[in-house]
Undergrad: 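One structure coming up, written as structure tokens, with questions to follow.
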Amino acid sequence: MNFNQKVWAIAKKVPKGKVTTYKIIAEKLKTKAYRAVGNALNKNPYAPIVPCHRVVNSDGRIGGFATGAKNKIKLLQKEGIKIKNNKIENFKKVLWR
DNA sequence: GCTTTGACTCTCG
DNA sequence: TCGAGAGCCAAAG
């Protein structure tokens, strides 16, 4: 299992309507490679299978996305997550761990 | 095979 | 409040 596969596996576990952060994923992998996590999601070949839009920055910001952050924000809002000015509202409540 | 870059995060002035 | 620097890992040049 590659590093990427592990990242994707964790990302897939995030339930609908919730989000997680790069940091949390890295911690579950027992590593501090936050950047590598983002890197893995960036080039994930399982775009529809892995809900990479549920992975955000540690401060609740969306950050950047390959398909456009705006698009991802819309997607998250559809799942019941509210976003204001590029930031997730009630971040702690929708945060998955 | 070494260097650069990136969807990151933390700490310090 | 905000920018700079450092630390971390994988992929691309």
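Quick caveat, the model's predicted, so the values are computed rather than measured. Here is how names work: the chains are called A, B, and so on, in the same order as the sequence lines, proteins then strands, and each is numbered from 1. These numbers come from the heavy atoms of this one structure, side chains and all, not from hydrogens, waters or symmetry mates.
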Undergrad: Side-chain N or O of A:N4 versus OP1/OP2 of C:dA11: is the shortest distance under 4.0 Å?
TA: yes

Undergrad: Side chain of A:R35 only, heavy atoms from C-beta on: which candidate in C:dC8, B:dA7, C:dA10 is closest?
TA: C:dC8

Undergrad: Please state how far atom CZ in A:F3 lies from atom C1' in C:dA12, giving the value in whole angstrom units.
TA: 17 Å

Undergrad: Would you mind telling me which of C:dC9, B:dA7, C:dA12 lies closest to the side-chain atoms of A:A36?
TA: C:dC9

Undergrad: Does B:dC8 have its OP1 or OP2 closer than 4.0 Å to a side-chain nitrogen or oxygen of A:K32?
TA: no

Undergrad: How close do A:W96 and A:P15 get, counting heavy atoms only, and between which atoms?
TA: CD1-CD, 3.2 Å

Undergrad: Starting at NZ of A:K28 and ending at P of B:dC8, how long is that distance when rounded to a whole Å?
TA: 20 Å

Undergrad: Using whole Å, what does the distance between atom P of nucleotide C:dA11 and atom CG of A:L41 come to?
TA: 12 Å

Undergrad: Would you kindly give the OH-to-P distance between A:Y34 and B:dT11, to the nearest whole Å?
TA: 9 Å

Undergrad: Looking only at the side chain of A:K23 (C-beta and beyond, no hydrogens), which of the listed nucleotides C:dC8, B:dT9, C:dA11 gets closest?
TA: B:dT9

Undergrad: Just compare B:dA7, C:dA12, B:dT9 and give me whichever is closest to any side-chain atom of A:K43.
TA: C:dA12

Undergrad: Between A:R54 and A:G17, which heavy-atom pair has the shortest distance, and what is it?
TA: NE-N, 4.5 Å

Undergrad: Which part of the nucleic acid, if any, lies within contact of A:G64, taking any heavy atom under 4.0 Å across all strands shown: a base, the sugar-phosphate backbone alone, or nothing?
TA: base

Undergrad: Using whole Å, what does the distance between atom P of nucleotide B:dT9 and atom CD1 of A:I62 come to?
TA: 12 Å

Undergrad: Rounded to the nearest angstrom, tell me the gap between atom CG in A:N39 and atom P in C:dG13.
TA: 12 Å

Undergrad: Students often get this wrong, so: under 4.0 angstrom with heavy atoms, is A:A33 touching a base, only sugar-phosphate, or nothing?
TA: sugar-phosphate

Undergrad: What distance separates A:D59 CG from A:T21 OG1, expressed to the nearest 0.5 Å?
TA: 9.5 Å

Undergrad: List the atom of A:F65, the atom of A:I62, and the distance in Å for their closest heavy-atom pair.
TA: CE1-CG2, 2.9 Å

Undergrad: Taking any heavy-atom pair under 4.0 Å as a contact, classify A:Y22: base, sugar-phosphate, or nothing.
TA: base

Undergrad: Rounded to the Å, how far apart are A:L29 CG and C:dC8 C1'?
TA: 13 Å

Undergrad: Classify A:K72 by what it touches in the nucleic acid, base, sugar-phosphate, or nothing, heavy-atom distance under 4.0 Å.
TA: nothing

Undergrad: Roughly how far, to the nearest 0.5 Å, is CG of A:L41 from CD1 of A:I10?
TA: 10.0 Å

Undergrad: Check the phosphate of B:dC8 against A:N57, side-chain N and O only, distance under 4.0 Å to OP1 or OP2. Yes or no?
TA: yes

Undergrad: Using a cut-off of less than 4.0 Å, is there contact between a side-chain N or O of A:S58 and OP1 or OP2 of B:dT9?
TA: yes

Undergrad: Output the rounded distance in Å from CZ (A:R54) to P (B:dA7).
TA: 22 Å

